[in-house]
Every structure is written in structure tokens, then in C-alpha cells.
Amino acid sequence: MAFGAGHHLQLIDGSGFIFRAFHALPPLTRKSDGLPVGAVSGFCNMIFKLVEDAKGPDAPTHVAVIFDHKGKTFRSDIYPEYKANRPPAPEDLVPQFGLIRDATRAFNLPCIEVEGFEADDIIATYARLAVEAGGRATVVSSDKDLMQLIRPGVDMIDPMKNRHIGPEQVEEKFGVGPERVIDVQSLAGDSVDNIPGAPGIGVKTAALLINEYGDLDALLERAEEIKQPKRRQTLIEKADQIRLSRDLVTLRTDTPLDRDLDSLEVRDPEPEAALGFLAEMEFRTLTKRIAEKLGAPMPEINDTPKALEDAGDGAAPEADPALTAAFEDAVYEKVTDAAGLQAWLDRITETGHVAVDTETTGLDEMRADLVGVCLSVAPGAACYVPLAHVDGEGSGDLFGGGERAAGQMDREEALAMLRPMLEDPAILKIGQNMKYDWKIFRRYGITVAPIDDTMLLSYAMHGGLHRHGMDELSERYLNHSPIPIKSLLGTGKSARTFDRVPVDEAVNYAAEDADITLRLWKMFKPQLHKAQVTRVYESMERPLIPVLADMEMRGVKVDRDHLSRMSNAFAQKMAGLEAEIQEKAGRSFNVGSPKQLGEILFDEMGLEGGKKGKTGAYATGADVLETLAAEGHEIPALVLDWRQMSKLKSTYTDALQDHINPDTGRVHTSYVISGANTGRLASTDPNLQNIPVRTEEGRRIREAFVAEEGNILLSLDYSQIELRILAHIADISALKEAFRDGLDIHAMTASEMFGVPIEGMDPMVRRQAKAINFGVIYGISAFGLANNLRIPRDEAKSFIDTYFERFPGIRTYMDRTVEEAKEKGYVETLFGRRIHTPQINAKGPHAGFARRAAINAPIQGTAADIIRRAMVRIPKMLAERELPGQMLLQVHDELIFEVPESAADALSDAVTEVMEGADLPVIKLDVPLTVDSGRGKNWAEAH
DNA sequence: TTCTTCACG
DNA sequence: GACGTACGTGAAGAAT
């Protein structure tokens with residue numbers, strides 16, 4: 001039945017409630033892990049009360065919970081300063097935004113937001129629609145801005161005070177009736193929202209004037225008649241500003257809406273979902289009350305403080321049988337037409353979340369084409385939408401094949417249908433390695449949001465225990481081995497691309513991936529809080545996806561000719577060296593073969609110092625060859641030269657040319673968010689985090705990384721960030737002071753250790769101190785230091801002893817960290833990232849590795865966290881300040897930007913500010929973070 | 001597929 | 001007492 005007379009729409013101002021409840025209610029945290037849930041609790045109580053009260057003739061027949069969409073609204077376009085002086089949301093409130101949306105869905109209530117509009121506009125629009133349809137509406141809010149909506153058919157309830165707001169209350173507040181509220185607000189302005197109004201006129205005066213002249217237009221027209229000179233002048237001079245204020249305070253009643261009134265019909269809550277959520281929040285009383293009300297059994301609540309629980313033994317958590325059961329029984333549907341797809345979209349709207357997976361023609365997101373899309377809404381319930389399969393089994397050649405396969409939707413039509421769902425802020429899109437799918441959709445003009453990523457959920461919770469690929473996660477947590485992609489595509493020469501896989505074969509593989517992703521999400525998401533890594537995931541993993549995707553899609557311009565010229569030069573030099581080496585060796589052999597080289601040097605030539613490794617081959621690494629060269633042998637020195645040329649040519653000057661995208665002329669790397677255990681990123685295809693810099697010849701490769709015409713490359717890097725973090729974590733006051741005073745940290749260390757003055761210090765002494773400083777970060781050992789400094793081991797040991805004597809805090813830190821790892825099974829960064837250390841209690845040589853890794857992880861990991869935090873903030877900041885220029889690359893402690901020359905100074909200052917403050921507000925380091933910068937037409941100049 | 005080597009922070 | 005080590009990565013080429 002269509003919404004109309006007799007129907008009653010309840011519009012709940014979700015966003016308004018969040019802020020009011022957060023500030024009005026005492027702080028409340030979840031017992032097991034300290035997650036702030038005060039506003040969530042208040043919200044659930046309110047919802048419960050509304051449901052309770054909703055009996056009898058006044059009961060709402062339709063209901064919706066409305067939220068502000070994040071980001072700017074149309075009001076900022078009219079007036080850029082609108083809400084510009086709003087401070088960011090309190091740290092404890094941020095995680096509750098998402099939780100309250102979760103709560104809404106758990107209670108089976110529609111959760112509505114619209115990009116570019118405020119919740120108030122949506123409420124105003126629905127209220128208008130309800131009245132026009134002959135029904136009525138009740139606004140549930142404490143926000144005075146909504147009082148302008150009150151009229152016959154539109155009521156208001158204050159959920160905080162639990163009282164009705166009618167014309168009398170409005171009169172009390174504004175001195176006028178609801179229909180004149182806009183006029184008063186336009187004059188009085190609002191300092192919270194930064195609405196200017198008429199200077200010097202507050203609500204009292206505004207009401208007086210409006211009551212005297214009837215309405216705002218009349219007042220402005222007859223402003224000359226005002227007796228008080230000051231007031232008169234203001235109203236005449238500021239008429240435009242007052243009209244602008246009116247545009248800002250007037251709520252829009254034409255907000256574009258995805259859902260019509262009928263779709264908001266009241267649905268009964270599903271006890272399982274609602275109680276499950278409440279139990280997860282550990283609201284004992286409320287869970288009990290609602291369980292009774294719904295006539296459902298009280299779920300078990302485990303609120304044992306996490307610290308008391310045995311954690312991190314590496315064992316897989318017990319799986320919910322619903323998630324692991326019966327992959328064989330799953331029925332995967334092939335969607336071939338619009339009606340079929342619409343049915344799935346309807347299911348998704350109802351569920352509020354969906355697992356999404358794309359199938360493409362290749363692994364390079366910048367070049368691969370979309371072949372199909374899979375969707376899953378529940379375990380075992382998934383579909384595949386084939387879009388671009390071609391016929392012709394095994395005929396990727398010139399003849400036959402290439403015909404579009406039958407029974408597929410048109411790609412544009414399907415994407416047009418999927419787009420609203422993929423961009424709907426109220427529908428969560430879940431992916432495994434979502435950055436990949438995000439980029440694919442982005443190339444078709446769709447920006448997927450909001451998103452969750454099972455790979456990153458696993459990374460946040462299980463970092464260090466195992467890798468986070470889908471096959472691994474599925475086997476480990478779902479006890480199911482997915483269909484290998486190779487069984488469809490084949491391997492080697494006979495491999496085909498996914499579009500050549502027959503549709504019916506593709507359905508099961510593709511849909512299974514979406515199914516697995518959904519099951520993993522259902523298992524992982526509720527565990528996030530218990531693992532106490534919600535903040536890590538929410539602030540350093542999830543928001544990084546679009547940031548990195550943008551960087552990768554932008555790419556960096558590379559000068560092919562420069563690389564090509566270098567390749568030729570290297571080829572010539574190598575040929576010369578090769579001839580010389582073979583001549584001196586007396587026979588020809590493969591200079592690139594360590595095995596053959598070892599045999600030449602140590603067997604045929606009989607050089608000393610040949611050591612065989614565990615595979616029985618001689619070691620011929622650079623350190624071995626350097627020792628031999630220093631003894632005066634020619635071949636090792638020549639081989640070292642040859643190796644350098646060979647490395648630079650094959651890995652860089654040749655390979656980078658192949659990575660230049662023909663469409664963009666730029667190189668697009670991929671960052672692996674979950675690649676490194678410590679929280680660092682990894683860069684692949686190509687790796688742009690190991691472009692040479694340490695040798696003169698290698699550095700010239702950086703000249704090939706250039707800025708577009710009129711732009712420059714800007715490099716900003718953290719100075720000594722890991723040592724600063726060490727100084728903070730280990731609380732070494734001498735180091736902290738040195739950093740605060742901007743001293744040369746290695747010289748200072750040497751001075752402290754050896755009692756020599758910094759002035760006129762022997763560079764060798766400083767070098768040794770530097771090696772020790774770095775060694776400490778790596779979990780120092782006498783052997784390693786001796787190797788690095790090429791000094792006897794006992795000498796290295798005495799250095800270390802001296803160091804520990806002078807800085808006893810370092811040893812305390814190392815012992816404490818190893819102890820923590822043994823006890824808990826993980827170590828933590830300052831921002832709460834957990835790195836598991838499953839090998840820490842091992843015996844044998846493994847133990848040493850694990851020990852040093854545990855010592856290093858909090859230091860390297862904290863540095864990685866800091867730059868991640870900066871990277872998440874930078875694009876927002878650049879957009880807010882309207883600074884041109886873009887972030888291109890990250891190299892662990894360095895960010896590289898491309899920026900118009902004219903904006904370089906401004907961008908450099910702004911980014912430096914963000915980077916240097918990236919530890920705030922979660923923690924405040926005892927040492928300053930400092931950022932150095934460089935710039936130039938190419939990366940060599942910028943570094 | 002595994003090992004060795006070497007590029008980076 | 002011997003083992004065999006600096007931490008974290010990815011790519012190329014040879015060997016298996």
C-alpha cells in the first residue's frame with residue numbers, strides 16, 4: 001500500500017543524536033577492550049524506547065534513521081566558511097560513527113545518507129513528501145535547526161529529554177513561531193556553524209524585529225524605518241550577508257533520495273541481528289531487556305577483559321559452523337539480464353552489505369579489462385555477472401574465437417545498475433584486496449565506498465602469523481581450498497585470459513571467491529574489537545586504500561630515452577668487462593653464474609677464503625669479492641663492476657622501460673598494504689622503493705623519473721625517524737635531548753661512548769657510533785656489528801658493552817620487548833599495531849632471528865604507522881586548502897610529490913606540517929619529528 | 001620452484 | 001660448546 005493518509009513517518013536524526021549523546025552521556029567503554037561505546041549505548045536505548053512507545057494509534061508506520069554524509073555539502077559551495085571552524089570529531093567518538101550505523105542496521109532500520117547534503121535536508125525532504133502524500137511525520141531530534149519544519153502534519157520529539165516540541169517550545173526558543181524560525185536564524189547567525197547573520201543581532205533582537213515587521217523580506221525592504229541607528233545601518237549594509245545566511249539555514253526539501261517513502265515501512269527487528277550486536281557491544285542490561293521484549297533467548301556475553309585472556313598462541317580461532325559449512329552445497333547463480341541483477345541489488349539493499357569481486361583480463365589494474373562481477377550477500381549465496389566473455393575454446397589465435405559469448409548483460413548497462421549500489425554510503429562493499437577492485441571500478445568511472453577488506457582485517461589481527469592471501473585465509477579459517485585459478489587459466493604458454501574462460505566454468509570459480517570473502521568478513525569483523533586493533537584497521541589500513549589507489553593510478557612520469565641510453569652504455573661496458581674477466585680467467589664462462597665464478601676463483605685459481613654454503617656452492621657475494629679485491633686480485637674487482645652494471649641494466653634501465661604504460665606514458669607501481677609484517681608498505685611491478693641512490697652511477701637512474709612540464713618533483717623525508725622513535729620508546733634522555741637540540745646524533749653517541757669531544761671528531765669514530773646506533777634498531781649482536789664494521793668480534797662486543805653501560809635504557813627496552821613477545825606472542829607499535837612473533841619461543845637458530853625481529857618491529861612499525869597516518873591526512877589536507885599537486889610515491893620514510901612549480905613552496909610547507917604532526921593526537925613523541933625536503937625537475941635532483 | 005645476489009629504507 | 005646471525009622488503013638470473 002502506498003504511503004498516504006493514516007501513515008506516520010518517523011525521521012530519526014542519527015547524526016545529531018550521535019554528537020548530543022556523546023557529550024551528554026557519561027563516557028562508557030566496552031569492558032573487554034576499552035572500545036568507547038557511550039554514544040552507541042545511548043542510541044540503542046533511544047531506539048528501544050521509540051520501539052516501546054510505538055504502540056497504539058500513534059505508532060509510526062514508516063521509519064528511517066538519517067545521517068550526515070561525510071565530506072562537504074552544497075552549503076560549502078555557497079559559502080566556503082560554512083562550518084569551517086568545526087574542530088575534528090573527538091578521538092573517542094570517531095569509532096562510534098560506524099558502530100551507530102551498524103546498530104541501525106542491526107535493528108533492521110533503514111540507514112540513510114546522501115552525499116553533498118546534511119541529515120537535516122534529507123529529513124526536510126522526507127517530511128515534505130510525507131505531508132504531500134497525505135500522511136504525517138515526526139522528527140526525532142534535539143536540533144533547533146529542524147524546528148523550522150514544524151507545521152500541521154510535522155511534529156518533533158526531543159529524544160534526549162524525551163519531550164514533545166511544538167509551536168510553544170519553538171516560540172520559547174526563538175520568540176517566533178516555526179514558520180518564522182528561518183528569518184530569525186538568518187539574522188541571528190550561528191557561531192557553531194559559522195553562519196554570519198547580522199553582526200550585533202542575536203535571537204532576541206531578531207525576534208523583536210521579525211515580529212514587528214512580519215517577515216525577513218519586509219524587514220529588509222523597510223530597513224530605513226528602524227529607529228535605532230546602529231541596527232538600521234547593519235541591516236542595510238549587511239542585507240546580502242543576511243540573505244546568504246538565509247540560504248544556509250533554509251533546509252532543502254528537494255534532496256535527491258534513493259529510497260521512496262514506501263520502502264521505509266516499519267519492519268520487525270530480527271532478534272538474532274539485534275541481540276548479536278548488543279551482545280557484541282556487551283550491553284548487559286539492554287540486551288536482557290530487548291531479549292525479553294523480543295521473546296528471544298539472552299545471548300551469551302563475553303566481556304572478560306582481553307588482557308586476562310590467553311592471547312596469540314597462533315591457533316586459528318574456532319570457526320562458526322555456518323561459515324565453514326558446505327561450500328559444495330552452495331548454489332551460485334549466473335546473472336544474465338537486468339531483472340536478474342535487480343533481484344540481487346534488492347537483496348543487497350536489504351542486507352546493507354555485499355562482498356564484491358571483479359574478474360578481469362589480467363593482473364595489471366591499469367590495463368586489465370572488466371570481464372565479470374561477483375556478488376555475495378550471505379554464506380553460500382553468491383552470483384556471477386558475466387560481462388565480457390568471448391567464445392572460442394582454446395583459440396586465442398588469429399582464427400576463430402573472439403566472438404562475444406551469448407547470455408551476457410551489456411557491460412555499460414550492468415555498470416549503470418551497479419553504480420548506485422557501489423557508491424551508496426549506506427551499503428558496505430566488502431572485498432579481498434579491495435584496492436584492486438576499487439581501481440578497476442574507478443577506471444569505469446565508479447568510486448566504490450564505503451569499503452571493508454578481509455585481507456586488511458586479517459593483516460590487522462594476524463600480522464606476523466601468516467600471509468593474508470585469500471587461499472591462505474580460506475584454508476586456515478574456513479577449512480576450504482578454493483578452486484585454483486590455474487585450473488581455469490592454465491599455465492605457461494597455453495595460459496588464457498579470464499575472458500576466454502567459458503561462462504559456465506567461470507561462474508563457480510568467481511562466485512566462490514565472493515562467497516569466501518563474505519564468510520571471512522563475517523568471521524573477522526566481529527573479532528576486530530576483541531583483538532583490540534580496531535583503531536589500527538580504521539585509521540591506518542582501511543583509509544589507505546583509496547589514497548594508495550589514487551597514487552598508483554596517477555603513476556610517475558619516466559623518460560624512456562634516458563633509460564634506453566643508459567642501457568646501451570651499460571651493455572657496452574659489460575661486454576668490455578666480460579672480455580677482460582674471461583681473458584684473465586683463461587677461459588670463457590658465465591660471469592653471471594655465482595657457481596661458475598666460485599669454481600674459477602677458488603678451485604682453478606686456488607684463492608684463499610672460499611667458503612661453501614649449505615647447498616655446497618662457494619659464496620661469492622659482494623663482501624667476499626671485496627675482501628679478495630682488497631688483497632689485490634683483479635678478477636673479483638672486475639666482477640664487482642660487472643655485477644653492478646648487470647644489476648642496474650636488468651633490474652632498472654631495461655625493466656623500467658617495459659613498465660611504462662602506453663596510455664599514460666607513466667609507470668604505475670602497486671603497493672602491497674599487507675606486504676610487510678612491520679606495517680611498512682611493499683612496492684611491486686615495478687618496485688619503486690629500491691631505485692638506486694647509493695652509487696653515483698645508480699643515482700643517474702633517478703634522473704629518468706621526471707615531472708610534467710611546468711611541474712617539479714618534491715621529496716619530503718623524515719630525518720632519522722627510527723632513531724627518534726627508539727629514543728622515545730626506550731626513554732633515553734641523552735638521545736632525546738640531542739634530538740631536541742638538533743645535534744648530530746651519531747657524533748653525540750660517539751662522544752658519550754668514548755669520551756671524545758664532538759668538535760674535530762675522527763670520522764672513523766663517528767662511523768662506528770653510527771653503526772652501533774643502527775645495530776641497536778636491528779637487535780644488535782657482536783657478530784653482526786663485527787661484520788658490518790669489519791672489526792674483530794671481541795672488539796665489537798666491547799663496543800656494545802660500552803654502549804649499554806652508557807645507555808642502560810636500551811638494554812631494558814630490548815629485554816622488556818623480548819619478554820613481552822614471549823608472554824603475549826606479539827609486540828606492539830606505539831599506535832597499537834600488533835606484530836605476532838610465533839617463533840620467539842623456538843629453539844635453535846630461529847630463536848635469534850625471532851628475538852631481533854621482535855626488537856626491531858616496534859621501532860620500524862611505529863615509523864611505518866607515522867607515515868601511514870600522514871599519508872591518510874595529506875590528500876584531505878590538499879583538497880581542503882585547494883593546493884594543486886599530488887602525492888606520487890612512498891619510500892618508507894619519504895614521500896614524493898608532483899606539483900606545479902608555482903605551488904611548490906605552499907605544498908612543501910603544508911605537507912611538512914602534516915608529516916611532522918602525524919604522531920598526534922594519539923600520542924605525542926618526546927622527540928620532535930623533523931622533515932627534510934628537496935626539489936627538482938627529476939628525482940635525482942629532488943632527493 | 002629455490003637459491004643467490006643486490007637494490008632500497 | 002657449536003650453531004650462524006644484524007631489521008624489513010622485491011626482482012632477476014642461475015640452478016635445480
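Lettering follows sequence order; numbering is per chain, from 1.
- Residue contacts for A/Ala655: at a heavy-atom cut-off of 4.0 Å it reaches the sugar-phosphate backbone alone, with no base atom in range.
- The interatomic distance linking A/Met574 (CE) with C/dA12 (P) rounds to 14 Å, in whole Å.
- The number of heavy atoms from other shown groups lying within 6.0 Å of NZ (A/Lys584) is above 12.
- Nucleotides B/dC6 and C/dA2, compared at atom C1', are 30 Å apart to the nearest Å.
- In this entry the distance linking CG of A/Asn856 with P of C/dC7 reads 8 Å, nearest Å.
- The A/Val891 side chain lies nearest to B/dG9 when the options are C/dC7, B/dA7, B/dG9.
- Looking at heavy-atom distances under 4.0 Å, A/Ala622 makes contact with sugar-phosphate atoms alone, never a base.
- Comparing C/dA14, C/dA11, C/dT9 by their closest approach to the side chain of A/Ala676 singles out C/dT9.
- In the set C/dG13, B/dT5, B/dG9, the nucleotide with an atom closest to the side chain of A/Ser650 is C/dG13.
- Considering only side-chain atoms of A/Thr620, the nucleotide from B/dT1, B/dT5, C/dT16 that sits closest is B/dT5.
- As judged by a 4.0 angstrom heavy-atom cut-off over every strand, A/Phe849 is placed among residues touching the sugar-phosphate backbone only.
- What separates CH2 of A/Trp642 from P of B/dT5 is a distance of 13 Å, to the nearest Å.
- Under 4.0 angstrom from either OP1 or OP2 of C/dA6 there lies no side-chain N or O belonging to A/Arg851.
- Between B/dC8, C/dT9, C/dA6, one nucleotide has an atom nearer to the side chain of A/Val693 than all others, and that is B/dC8.
- If you check every strand for non-hydrogen atoms under 4.0 Å, A/Gly621 touches sugar and phosphate atoms only.
- Heavy atoms of A/Asn687 sit under 4.0 angstrom from primed sugar atoms or phosphate atoms, though from no base atom.
- Picking from C/dG8, B/dC8, C/dA12 the nucleotide with the shortest atom distance to the side chain of A/Thr678 gives C/dG8.
- Residue A/Arg793 is in base contact, counting any heavy-atom pair closer than 4.0 Å across all strands shown.
- Ring geometry for A/Phe754 against A/Phe799 counts as perpendicular: the plane angle is over 60°, on a 0 to 90° scale with 30° as the lower cut.
- A/Gly775 comes within 4.0 angstrom of a nucleotide base, judged by non-hydrogen atoms across all strands.
- For A/Pro594, the listed nucleotide lying nearest its side chain is B/dT4; candidates were B/dT4, C/dG10, C/dT9.
- In this structure, A/Leu656 atom CG and B/dA7 atom P are separated by 15 Å, rounded to whole Å.
- Residue contacts for A/Ser593: at a heavy-atom cut-off of 4.0 Å it reaches the sugar-phosphate backbone alone, with no base atom in range.
- A/Lys611 places its NZ atom 14 Å from the C1' atom of C/dC3, with the value rounded to the nearest Å.
- Using a 4.0 Å heavy-atom distance criterion, A/Ile780 is classed as a base contact.
- Here the separation of B/dA7 from C/dC3, taken at their P atoms, is 30 Å to the nearest Å.
- Contacts of A/Arg643 with the nucleic acid, taken as non-hydrogen atoms under 4.0 Å apart, involve only primed sugar atoms and P, OP1 or OP2.
- For the salt bridge (Lys or Arg N to Asp or Glu O under 4.0 Å) with A/Asp654, the lone residue among A/Lys649, A/Lys647, A/Arg560 that qualifies is A/Lys649.
- Between the A/Tyr718 side chain and the A/Met915 main chain, a donor and an acceptor come within less than 3.5 Å of each other.
- Looking at A/Arg852, its side chain has no donor and acceptor atom pair within 3.5 Å of the base of C/dG8.
- The local environment of CD in A/Glu604 is crowded, with over 12 non-hydrogen atoms from other residues, nucleotides or ligands closer than 6.0 Å.
- Using a 4.0 Å heavy-atom cutoff across all strands shown, A/Gln596 reaches sugar-phosphate atoms only and no base atom.
- Across all strands shown, A/Leu648 has no heavy atoms under 4.0 Å from either base or sugar-phosphate atoms.
- Straight-line distance between the C1' atoms of B/dT2 and C/dA6: roughly 24 Å, to the nearest whole Å.
- Using a 4.0 Å heavy-atom criterion, one finds that A/Ala854 contacts no nucleic acid atom at all.
- Between the P atom of C/dT9 and the CZ atom of A/Arg467 lies a distance of 7 Å, rounded to the nearest Å.
- Under the 4.5 Å side-chain criterion, counting only non-hydrogen atoms from C-beta, A/Leu713 is not in contact with A/Lys937.
- Positionally, the nearest nucleotide of DNA chain C for A/Lys614 lies more toward the 5' end than for the other of A/Lys614 and A/Leu681.
- Atom-to-atom, CG of A/Leu726 to P of C/dA6 comes out at 20 Å; the value is rounded to the nearest Å.
- For the side chain to side chain contact (heavy atoms under 4.5 Å, CB included) with A/Leu544, the lone residue among A/Arg869, A/Met871, A/Lys435 that qualifies is A/Met871.
- Across all strands, A/Ser646 comes closer than 4.0 Å to no nucleic acid atom at all (heavy-atom distances).
- For A/Thr615, taking side-chain heavy atoms from C-beta onward, the closest of the listed nucleotides C/dG10, B/dT4, B/dC8 is B/dT4.
- There is no side-chain donor-acceptor pair under 3.5 Å between A/Thr829 and A/Thr862.
- For A/Asp893, taking side-chain heavy atoms from C-beta onward, the closest of the listed nucleotides C/dT9, B/dG9, C/dA6 is B/dG9.
- Atom OH of A/Tyr652 and atom P of B/dC8 are 6 Å apart (whole Å).
- Taking a pair to require two hydrogen-bonding distances under 3.5 Å in either a Watson-Crick or a G-U wobble arrangement, B/dT5 pairs with C/dA11.
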